[in-house]
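Each remark here refers to the structure printed beneath this line.
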Amino acid sequence: MLFSKFFAGIAMASTAMAAATPQQIADAITSITQKSQALQPTAQSVTILNAPLITIGQGPFPPLIAGFADIVSTANVLIAQLPGTAPIQKRGEQEHARGLSPRGPDADLVFSAFREFVRVHQALLNILIGKAGILTTIPVIGQPVATALRGVEGVVDTIAIDIINLLQTHSNDVASDANSLGATLDLAIQSYDSLSL
């Protein structure tokens, strides 16, 4: 009995320590956004001439795949902190009565960061989707890129669900953005899966 109380206390303390503030959540999402933004020039540089260099670990695809792995790693750090985070509350009735937005600045901060991530990441994915069209004769590229994109898809889905649960006042908007990004991710994965042998 004493041990179960001790372990329950440790579990509660570790959950409390893992909690993230709205600023920390927004900063983590912004970090992921910046990593996605940084991959856009590399994705834009893909050509039919440099794409096959993936077979010798050169060209634009190895840095893209490593960049996606970095995004997944950074996202997993955020995901580990979200379960201990309390819902981000909306403004009180008195503040709302004074004409202030019912959503509150913390909820707006996290939502804005998520929406910007969706915008930037969709731009990256759309570049990759366009490049897949010129690579139909190079099937060796498909599987590694599709696998990297599936990793990103997993963390994006988890973050979106967690953000929906945290931002009840923005839940419909977050769900809409997440669904839009999910559709773009699905199309990107499908585009590279179709390049496989």
Listing request: all salt bridge (Lys or Arg N to Asp or Glu O under 4.0 Å) pairs with a residue in residues 146-157, at least two apart in sequence or in separate chains. Arg150-Asp193
Tell me, which pairs form a salt bridge (Lys or Arg N to Asp or Glu O under 4.0 Å) where one or both residues lie in residues 45-55, sequence neighbours left out? none
Can Glu116 and Thr33 be counted as having a side-chain donor-acceptor contact under 3.5 angstrom? no
Closest heavy-atom pair, Ile79 versus Pro83, reported as atoms and distance to 0.1 Å, is O-CD, 2.9 Å
Evaluate side-chain contact (heavy atoms from CB on, under 4.5 Å) for Ile48 paired with Thr137, printing each intermediate quantity in order. CA-CA 9 Å; Ile48 198 157; Thr137 59; 3.9 Å; yes
Side chain to side chain contact (heavy atoms under 4.5 Å, CB included) partner of Ile65, chosen from Ile54, Leu149, Thr147: Ile54
Quick one: OG on Ser171 to CD1 on Ile161, what's the gap to the nearest 0.5 Å? 13.0 Å
Could you list the cluster mates of Leu53? Members are the ILVMFWY residues connected by side-chain heavy atoms closer than 4.5 Å, either directly or through other members. Ile56
Is it true that Val118 and Val72 fall in one hydrophobic cluster, defined by side-chain heavy atoms closer than 4.5 Å? yes
Any salt bridge (Lys or Arg N to Asp or Glu O under 4.0 Å) pairs touching residues 26-54, not counting sequence neighbours? Lys35-Asp70
How many angstroms lie between atom CD of Gln81 and atom OG1 of Thr21, to the nearest 0.5 angstrom? 9.0 Å
Value rounded to 0.5 Å, distance of CG in Leu125 from CD in Gln40: 9.5 Å
In chain order, what residues pass the side chain to side chain contact (heavy atoms under 4.5 Å, CB included) check against Val156, with sequence neighbours excluded? Phe117, Val152, Leu181, Leu185
Could you list the residues that satisfy side chain to side chain contact (heavy atoms under 4.5 Å, CB included) with Ala51, not counting sequence neighbours? Val46, Phe61, Leu135, Ile138, Ile141
Taken in chain and number order and not counting sequence neighbours, the residues that satisfy side-chain hydrogen bond (donor to acceptor under 3.5 Å, both in side chains) with Ser176 are none
Apply side-chain contact (heavy atoms from CB on, under 4.5 Å) to the pair Ile32 and Val155, showing each step before the final yes or no. CA-CA 11 Å; Ile32 296 166; Val155 295; over 6 Å; no
Backbone N or O of Leu109 within a donor-acceptor pair of the Ser112 side chain at under 3.5 Å? no
Which pair of non-hydrogen atoms, one from Ser31 and one from Thr74, has the smallest distance, and what is that distance? OG-CG2, 4.0 Å
Compare every heavy atom of Thr42 with every heavy atom of Ala38, then report the nearest pair and how far apart it is. O-OG1, 4.3 Å
Answer with yes or no whether the hydrophobic clustering places Val120 together with Leu78; edges join I, L, V, M, F, W, Y residues whose side-chain heavy atoms lie under 4.5 Å apart. no
Which pair of non-hydrogen atoms, one from Pro22 and one from Val110, has the smallest distance, and what is that distance? O-CG2, 3.5 Å
For the residue pair Phe111 and His170, categorise the inter-ring angle as parallel (less than 30°), tilted (30 to 60°) or perpendicular (more than 60°). parallel
Sequence-distant partners of Ala43, side chain to side chain contact (heavy atoms under 4.5 Å, CB included), two or more places apart: Leu64, Leu124, Ile127, Leu128
Members other than Leu187 in its cluster, when Ile, Leu, Val, Met, Phe, Trp, Tyr link by side-chain heavy atoms under 4.5 Å? Ile129
Looking at side-chain heavy atoms only, is the closest gap between Ile25 and Thr85 below 4.5 Å? yes
Shortest non-hydrogen contact between Ile159 and Ala75, atoms and distance: CD1-CB, 3.7 Å
Closest heavy-atom contact between Leu195 and Gly142? CB-CA, 3.8 Å
Just how far is it from atom CG of Asn76 to atom OG1 of Thr158, taken to the nearest 0.5 Å? 8.0 Å
Which residues satisfy the side chain to side chain contact (heavy atoms under 4.5 Å, CB included) test with Ile134, sequence neighbours excluded? Lys131
Count the heavy atoms of every other residue, nucleotide or ligand shown that sit under 6.0 Å from CD of Gln24, and state whether that count exceeds 12. yes
Any non-hydrogen side-chain atom of Asp173 less than 4.5 Å from a side-chain atom of Phe114? no
State which residues pass salt bridge (Lys or Arg N to Asp or Glu O under 4.0 Å) with Asp177; sequence neighbours excluded, sorted by chain then number. Arg115
Using a 3.5 Å distance criterion without hydrogens, assess whether the side chain of Asn50 forms a donor-acceptor pair with backbone atoms of Pro60. no
Separation of Thr184 OG1 from Ile189 CD1 (nearest 0.5 Å): 11.0 Å
Within residues 71-83 or reaching into it, pairs that qualify as salt bridge (Lys or Arg N to Asp or Glu O under 4.0 Å) - sequence neighbours excluded: none
